[in-house]
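One structure is given here, and the rest of the page talks about it.
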4 protein chains.
Amino acid sequence: MTGRRGRPRSAAVDWAVEQATLDLLARVGYHGLTIEAVAARAGVGRPTVYRRWPTKDDLVVDVLSRAVPVLADPDTGDALRDLELLASEVLERLVAAGVGPVVLAVLGAAVDRPELASRLEERYLSPRLGVLGEVIARGVRTGRVRDDLDVTVIRDLVLGPLVYRVLLSGRVWDRAERAAATAAVRRAIAAPGVAEDAPPSPAGKPVTAPPRRRRRASSPS
Amino acid sequence: MTGRRGRPRSAAVDWAVEQATLDLLARVGYHGLTIEAVAARAGVGRPTVYRRWPTKDDLVVDVLSRAVPVLADPDTGDALRDLELLASEVLERLVAAGVGPVVLAVLGAAVDRPELASRLEERYLSPRLGVLGEVIARGVRTGRVRDDLDVTVIRDLVLGPLVYRVLLSGRVWDRAERAAATAAVRRAIAAPGVAEDAPPSPAGKPVTAPPRRRRRASSPS
Amino acid sequence: MTGRRGRPRSAAVDWAVEQATLDLLARVGYHGLTIEAVAARAGVGRPTVYRRWPTKDDLVVDVLSRAVPVLADPDTGDALRDLELLASEVLERLVAAGVGPVVLAVLGAAVDRPELASRLEERYLSPRLGVLGEVIARGVRTGRVRDDLDVTVIRDLVLGPLVYRVLLSGRVWDRAERAAATAAVRRAIAAPGVAEDAPPSPAGKPVTAPPRRRRRASSPS
Amino acid sequence: MTGRRGRPRSAAVDWAVEQATLDLLARVGYHGLTIEAVAARAGVGRPTVYRRWPTKDDLVVDVLSRAVPVLADPDTGDALRDLELLASEVLERLVAAGVGPVVLAVLGAAVDRPELASRLEERYLSPRLGVLGEVIARGVRTGRVRDDLDVTVIRDLVLGPLVYRVLLSGRVWDRAERAAATAAVRRAIAAPGVAEDAPPSPAGKPVTAPPRRRRRASSPS
DNA sequence: TCCTAATCGAGACGGTACGTCGCGTCTTCGC
DNA sequence: GCGAAGACGCGACGTACCGTCTCGATTAGGA
């Protein structure tokens with residue numbers, strides 16, 4: 001055993017720096033975030049920050065992955081509904097006052113920073129999208145989700161429209177648009193034969209036995 | 001009449017700066033772009049750049065909107081197919097060696113820069129998405145696209161998955177995934193009764209009377 | 001005759017620029033004077049200023065030499081007294097609110113600008129010190145001033161202490177100090193036998209040893 | 001104990017910057033001196049220079065006061081002679097190749113920069129003129145210098161002509177002029193009864209008309 | 001009466017220096 | 001050895017003026 005000589009690192013420092021980072025991210029955004037400011041606000045020397053996080057990106061990703069809890073699998077019995085709930089949850093977080101904008105900012109910054117992108121993927125996205133993958137797999141297994149689509153493609157179809165909307169316009173779907181979009185995505189990924197509309201009932205009835213018919217508009221005849 | 005006093009601005013300068021900006025964007029990305037470097041590479045004084053574009057964002061958006069041609073309406077007769085072609089075209093551009101990555105970078109940077117975002121929206125996105133809107137409207141009119149979806153929602157559904165994929169993973173769908181995703185989106189937005197697969201015929205027959213049947217896989221029991 | 005074709009230069013412009021220069025000199029000092037500001041304040045294009053005065057120095061010296069009237073020879077009959085009056089007058093002007101500080105500033109600036117120094121000498125100082133030289137010569141001729149001192153040395157002795165004081169300390173002699181200094185300089189340059197103190201009488205009656213001669217121009221013999 | 005936290009400032013940097021400043025002052029004069037150039041020539045970052053000397057003036061005055069040694073009191077026994085020696089020394093330095101012109105330039109620049117002037121006074125002039133003041137006081141005490149003149153006035157009389165000459169004309173007295181001027185100043189400030197001419201002999205043997213008296217204090221009749 | 005040419009304002013242009021900010025590294029002290 | 005404090009070389013920022021250069025519009029002569 002080496003035995004770790006000298007003064008051990010202070011956990012309080014870690015905490016202070018992370019808090020400072022979150023505060024500042026919320027306040028000035030990713031591009032306005034400065035190691036200098038972080039250190040100052042944490043009451044810490046700049047080299048102390050660098051000692052733990054060699055780059056701003058490391059710091060931010062680390063802080064984010066610690067601050068944002070992993071999504072929980074709703075597991076209502078209906079995998080399609082689970083997906084919708086997860087998507088809804090994702091959207092909620094993206095828009096939420098706290099870390100939401102920060103996550104977006106970092107995603108944005110990652111675009112032309114492959115370093116950041118991969119670290120983000122590894123430390124933040126994968127753990128979080130894992131649940132989605134599981135739910136999708138379950139959906140395929142239980143015959144609720146089409147089996148001719150790659151898992152990642154389904155993910156893109158579920159999250160893409162929603163993220164795209166927020167990223168580009170900053171605005172978000174209203175209640176009606178959201179319902180329509182949800183139904184549309186369901187059409188895109190639901191296995192053939194699955195009823196077109198999700199049951200609006202809050203605690204989704206178990207499935208397997210498909211609801212007989214529930215079209216929105218009248219049939220074309 | 002006003003008569004435009006003083007020495008007129010040199011078009012050559014505009015050109016040189018725009019070229020330099022594109023070059024550097026491709027080389028070092030948005031976050032690595034420096035007005036200083038732009039001016040140097042354009043053989044121009046720094047103040048000259050600032051005189052025309054007060055901020056880096058102004059410059060970049062202006063350059064992009066000038067450099068990227070607006071999408072043309074394919075108008076094959078089948079609006080659904082038109083949408084697919086447009087999406088395909090958008091994807092192509094996003095990935096393309098030239099401005100593609102640049103556009104992505106700027107989109108990313110815009111996330112936590114509302115200023116940039118709105119300028120981008122106004123000068124870059126709207127003109128380009130306009131075509132998409134028209135095609136969608138035509139689709140609705142001709143009964144190829146559902147009429148219970150807002151135009152912007154459809155846009156999100158068409159572009160979202162694709163952009164999300166590129167933005168987040170940097171990777172892109174392979175041929176098969178692309179086909180599957182395309183079909184899925186079609187399911188999401190096609191009007192009821194419209195055949196599931198797009199007719200591969202290049203110059204789509206006019207619509208109204210929906211093509212009777214054209215499934216890819218067998219019907220769902 | 002060439003005949004000077006084209007539009008003649010406007011005298012109004014000359015005037016406006018000179019006024020602007022004086023104003024600004026008084027306001028911001030020599031080192032704070034900018035051609036830009038001069039032009040703006042004169043309501044004139046910058047090139048118009050450059051057309052007439054190639055450098056800031058040219059402009060300033062020209063303006064000064066036009067603005068500050070040449071000292072008049074008091075010619076009281078007593079050359080020593082004349083010198084004192086002249087010195088007094090010089091001091092007055094140096095301290096005066098208007099051009100005084102400006103002259104000092106330019107003198108100061110001239111120190112490490114030989115160009116400016118020589119132009120200043122030629123256009124400003126010489127004409128003004130000429131009178132002093134004449135008075136000194138007259139003093140020597142009339143036996144009031146020592147003849148073993150070079151004219152320029154006398155000039156240095158008369159003006160030096162006074163200018164030095166103002167230049168370095170900004171402060172100026174009070175009444176008593178001034179009288180004492182005047183008397184001291186008189187001791188330094190007065191011909192032997194001339195009474196030590198200047199008569200305090202306002203309209204200098206000759207003193208003790210009256211000046212032998214009083215003519216201004218007639219031959220000495 | 002304060003304990004002086006953080007990395008101490010490098011003496012090498014001080015030294016390098018001061019050298020660079022002196023070099024450049026000698027080369028391009030005060031008005032041509034650039035912080036940028038100083039930093040470059042010292043091999044130092046610009047902010048490092050600003051950290052120590054907030055303004056160009058601070059830098060220059062500091063450098064000068066460090067570079068020019070304070071005059072030593074000759075103390076030959078004859079205060080009048082001491083004054084002449086000091087004046088001579090001052091002149092020498094003003095004209096000397098090294099800092100001489102620099103001092104002049106700064107003096108000049110100080111004219112319309114009260115900030116600079118007061119700093120110059122405080123950090124440069126007073127320490128240096130202190131000796132002069134002491135010698136003058138001694139002269140008064142020993143009866144060699146008139147007691148009806150303020151110390152500062154005497155200083156003006158001693159240094160004024162000399163500085164005036166150098167400042168304005170750049171030229172300097174030749175041997176004869178210098179002797180004459182010296183004698184003149186002596187007349188101006190010597191106590192009554194003191195022999196008129198200073199002994200030009202290097203080690204002050206009395207000359208021509210040897211001063212009858214050489215006592216230090218007694219009254220002249 | 002036109003023509004021609006210099007001058008006027010305005011302001012763009014390539015530059016240089018400004019003084020500031022943040023970077024990431026280093027060096028010192030005191031726990 | 002860690003941690004704060006902060007100096008260091010560096011590079012970019014956005015601004016102010018520089019002195020030169022086009023411009024269109026005056027404004028006189030001379031033809």
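No experiment lies behind these values; they were computed from the predicted model shown. Every chain is numbered from 1 and lettered A, B, ... according to where its sequence line falls, protein lines coming before strand lines.
Distance C:Leu33 CG to F:dG19 P: 11 Å, rounded to the nearest Å. Nucleotide F:dC17 holds its C1' atom 10 Å from the NZ atom of C:Lys56, rounded to whole Å. One interatomic measurement links the two molecules: CH2 of C:Trp53 to P of F:dG19, which rounds to 15 Å at whole-angstrom precision. Rounded to whole angstrom, the span from the NE2 atom of C:His31 across to the C1' atom of E:dC18 amounts to 14 Å.
A close approach under 4.0 Å does occur between a side-chain nitrogen or oxygen of A:Arg52 and OP1 or OP2 of F:dG3. Distances shown here put a side-chain N or O of A:Arg51 below 4.0 Å from the OP1 or OP2 atom of F:dG3. Contact annotation: C:Thr48 side-chain N/O to E:dG9 OP1/OP2 distance is under 4.0 Å.
Heavy-atom nearest nucleotides on DNA chain F were determined for B:Gly6 and for C:Tyr50, and the one closer to the 5' end corresponds to C:Tyr50. If you find the closest nucleotide of DNA chain F to C:Thr34 and to B:Pro8, the one lying nearer the 5' end belongs to C:Thr34. Heavy-atom distances to DNA chain E give each of B:Pro47 and C:Pro47 a nearest nucleotide, and the one nearer the 5′ end belongs to C:Pro47. Nearest-nucleotide assignment on DNA chain E puts the 5′-proximal partner with B:Gly45, out of B:Gly45 and A:Glu36.
A donor-acceptor contact under 3.5 Å is formed by the side chain of C:Arg46 with the base of F:dG19. One cannot find a donor-acceptor pair under 3.5 Å joining the base of E:dT27 and the side-chain atoms of D:Arg7. C:Arg9 contributes no side-chain N or O that forms a donor-acceptor pair with the base of E:dT7 under 3.5 Å.
Nearest heavy-atom pair, B:Ala67 versus B:Leu22, reported as atom, atom and distance to 0.1 Å: CB-CD1, 3.9 Å. Between A:Thr21 and A:Val38, the shortest heavy-atom contact is OG1-CG1, 3.6 Å. The two residues D:Arg41 and D:Ala20 make their nearest non-hydrogen contact at CG-CB, 3.7 Å.
Taking the centre and axis of the six-membered ring of B:Tyr30, the NZ or CZ atom of B:Lys56 falls inside the cone set by 45° and 6.0 Å.
Taking every side-chain heavy atom of B:Ser10 into account, E:dC13 is the closest of F:dA28, F:dC13, E:dC13. Side-chain proximity of A:Ile35 to E:dG24, F:dG6, E:dT4: nearest is E:dG24.
Note that CG of B:Leu120 and CG of B:Asp57 are 9.0 Å apart. Values are rounded to the nearest 0.5 Å.
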